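Please read the structure below before turning to the comments.
Each ligand, and each atom within it, is numbered from 1 in the order the structure gives. A quick note: this is a predicted structure, and the numbers were derived from the prediction, not measured.
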Amino acid sequence: MTILVTGAAGFIGGNFVLDWLAGCDEVVINVDKLTYAGNLDTLKALEGDTRHIFVRADIGDREIISKLLAEYQPRAVLNFAAESHVDRSITGPGEFIQTNVVGTFNLLESVRGYWTELAAEQKAAFRFLHVSTDEVYGTLAADDPAFSETKAFEPNSPYSASKAASDHLVRAWHHTYGLPVLTTNCSNNYGPYHFPEKLIPLVILNALAGKPLPIYGDGQQIRDWLYVKDHCSAIRRVLEAGQVGETYNVGGWNEKANLDVVHTICDLLDELAPIGSRELGVGSEERAVVSQQTGTTPQSLLPTYRSQITYVTDRPGHDRRYAIDARKLERELGWKPAETFESGIRKTVEWYLTNQDWVSNVTSGAYREWLDQQYGK
Ligand code: NAD
Ligand code: DAU
């Protein structure tokens, strides 16, 4: 048995493949274009492992995808490949339309061609699982109910509009051609191998480098955070038992304001990698005197990473709040997240502290160019 997974050199796809092969021996064909966000270092542990076959290709290349499908005869195709960063979609939407809309269309056509020719039994068992986002639903006011699967799509950014378009294509390929599809709409992920253009890894790495921690606008925008391994287990469960043609919301029941997320990271770093007292020019003897005079602990006189927080211009069209109602997935398929935000964010900070090699490999020239463009030199 074989599955074909697209975009698995990226953050979530990479975690998915590592978890998949840790739990079973079913071969994975990993198709990834290796854009700036794709990084084979994430899959280093699989070097020489015959259960993982990597092919560098674009999901929009029908010739290559059709050839791979014919050759490996997968029982499922899981589509993680996408342009995924909202800020990049604002400065350059073209790639988002190309990969997320046109690419998904071409992938669906390649898969439809393959699936149509399968024998009846394989045809019935085949699944196309499309990995999507909660951003397709738009934005919520503070007292609105969380997004359910029946919420109308109201995407607000070029990224979310392109993902919404891809979700509609997937739905239509099921409705019109009978392709056995499943769609998951997930909230914000965080965890190991997260590319440091996104809030959580960016803040961890900027903090350690002594750089500003950029907060867009007032920092009171709310996201629902899910540890990436929980997203992977949800996708496995939907693939295994999801009802064809259905969509499933995936979320962590962890609504947090951005500023609170950044405070949590700073506090964890203060505990795990405190800023040395020499940087402030205040020595331990001086701290002991001051702490006696003020009745505070010497530790509380150490500089904190919170002092690096900097408010910057808001993201245009910034969605105020996302919240996922994941009850359908729990009720129908028995899935629940394993991590709380507190346990997941601690694991994540520890992972970045102990995986500096991965970090230095991804923070290449292209990454630095993006930081200059987005945040100024
Ligand atoms: P990512 O940007 O880290 O990885 C995307 C991967 O897709 C990269 O390896 C890249 O090289 C590859 N890719 C891009 N264009 C391609 C193309 N045309 N052909 C083949 N490969 C291509 O993204 P991610 O955060 O891992 O997100 C994966 C999927 O999950 C996306 O579809 C995204 O919309 C969705 N999603 C992400 C989150 C999140 O919080 N990151 C939440 C919900 C849903
Ligand atoms: O909700 C799911 C989505 O989550 C996924 O579909 C996207 O692929 C993924 O990138 C993520 O989108 P966000 O825009 O929510 O993630 P990001 O990490 O870019 O930003 C999280 C919040 O933090 C958002 O409100 C913007 C804010 N932010 C972000 C950055 C990079 C800042 O305040 N400062 C920053 O420097």
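Of the candidates Trp225, Phe195, Tyr216, Tyr190, the one placing a heavy atom closest to atom 35 (C) of ligand 2 is Tyr216. Considering only non-hydrogen atoms, atom 20 (O) of ligand 2 lies nearest to Arg315 out of Gln220, Arg315, Lys163, Lys256. Considering only non-hydrogen atoms, atom 21 (C) of ligand 2 lies nearest to Leu199 out of Leu199, Val86, Leu213, Ile12. Selection from Arg321, His318, Gln221 by nearest heavy atom to atom 24 (C) of ligand 2 gives His318.
Here is the list of ligand 2 atoms found below 4.0 Å of a heavy atom in Tyr159: 5 (C), 6 (O), 7 (C), 8 (O). Those atoms of ligand 2 with a heavy atom of Tyr375 less than 4.0 angstrom away are 30 (C), 31 (C), 35 (C), 36 (O). Near Lys198, meaning under 4.0 Å from any of its heavy atoms, are these atoms of ligand 2: 10 (O), 18 (O). Near Leu202, meaning under 4.0 Å from any of its heavy atoms, are these atoms of ligand 2: 36 (O). Less than 4.0 angstrom separates some heavy atom of His85 from each of these atoms of ligand 2: 19 (O). In the vicinity of Ile215, heavy-atom distances shorter than 4.0 Å reach the ligand 2 atoms 33 (O). Taking every non-hydrogen atom of Thr133 and a distance limit under 4.0 Å, the qualifying atoms of ligand 2 come out as 1 (O), 2 (C), 3 (C), 5 (C), 6 (O).
Judged as a salt bridge (charged side-chain N to carboxylate O under 4.0 Å, His left out), the pairs with a partner in residues 307-323 (not counting sequence neighbours) are, in order, Asp87-Arg315, Asp218-Arg320, Glu255-Arg321.
Side-chain N or O atoms of Asn79 include none that pairs as donor or acceptor with a backbone N or O of Val5 at under 3.5 Å.
Aromatic ring pairs are classed by plane angle as parallel below 30°, tilted from 30° to 60° and perpendicular above 60°; the pair His52 and Phe54 is tilted. The aromatic rings of Phe80 and Phe16 sit tilted relative to each other, their planes meeting at an angle between 30° and 60°. Tyr216 and His318 have perpendicular rings, their planes meeting at more than 60° on a 0 to 90° scale where under 30° would count as parallel.
With salt bridges taken as basic N to acidic carboxylate O contacts below 4.0 Å, one links Arg112 and Glu109. The pair Asp32-Arg56 does not count as a salt bridge, with every side-chain nitrogen at least 4.0 angstrom from each carboxylate oxygen.
Geometrically, ligand 2 and Asn258 share a nitrogen or oxygen pair separated by less than 3.5 Å. Considering backbone and side-chain N/O of Tyr322, none are found under 3.5 Å from N/O of ligand 2. Some N or O of Pro214 is nearer than 3.5 Å to an N or O of ligand 2, by distance alone. Checked by distance only, ligand 2 and Ser187 stay at 3.5 Å or farther apart across all their nitrogen or oxygen atoms.
In terms of protein heavy atoms, atom 3 (C) of ligand 2 is closest to Glu135 OE2, 3.0 Å. Protein heavy atom at the shortest distance from atom 7 (C) of ligand 2 is Ser84 O, 3.4 Å. Among protein heavy atoms, the minimum distance from atom 1 (O) of ligand 2 is reached at Asp134 OD1, 2.5 Å.
Under a 4.0 Å heavy-atom criterion, Glu197 is in contact with ligand 2.
Annotation: cation-pi pair Lys328/Tyr248 present, NZ/CZ under 6.0 Å from the ring centroid and within 45° of its normal. The side-chain tip of Arg88 points at the ring of Tyr36 from less than 6.0 angstrom away and within 45° of straight on.
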Applying side-chain contact (heavy atoms from CB on, under 4.5 Å), run through Asn106 and Thr104 and close with a yes or a no. CA-CA 5 Å; Asn106 280 313; Thr104 304; over 6 Å; no
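For Gln98, the CD atom is loosely surrounded, since the number of other residues' heavy atoms within 6.0 Å does not exceed 12. Counting non-hydrogen atoms of neighbouring residues, nucleotides and ligands closer than 6.0 angstrom, the NZ atom of Lys211 reaches no more than 12 such neighbours.
Within 4.0 Å of ligand 1, contacts by protein heavy atoms are made from Gly7, Ala9, Gly10, Phe11, Ile12, Asp32, Lys33, Leu34, Thr35, Ala37, Gly38, Ala57, Asp58, Ile59, Phe80, Ala81, Ala82, Ser84, Thr99, Val131, Ser132, Thr133, Tyr159, Lys163, Cys186, Ser187, Asn188, Asn189.
For Phe341 and Tyr190, the distance between ring centers is under 6.0 angstrom. Taking the six-membered ring for Trp and the full ring otherwise, the centers of Trp115 and Trp173 sit at least 6.0 Å from each other.
Not counting sequence neighbours, the partners of Glu26 by the side chain to side chain contact (heavy atoms under 4.5 Å, CB included) test are Met1, Ile3, Trp20, Cys24, Arg75. For the ring-ring contact (aromatic ring centres under 6.0 Å, His included) test, residues two or more places apart in sequence or in another chain that qualify with His85 are Trp370.
Residue-level proximity to ligand 2 for Asn188 is carried by backbone and side chain together, each with a heavy atom below 4.0 angstrom.
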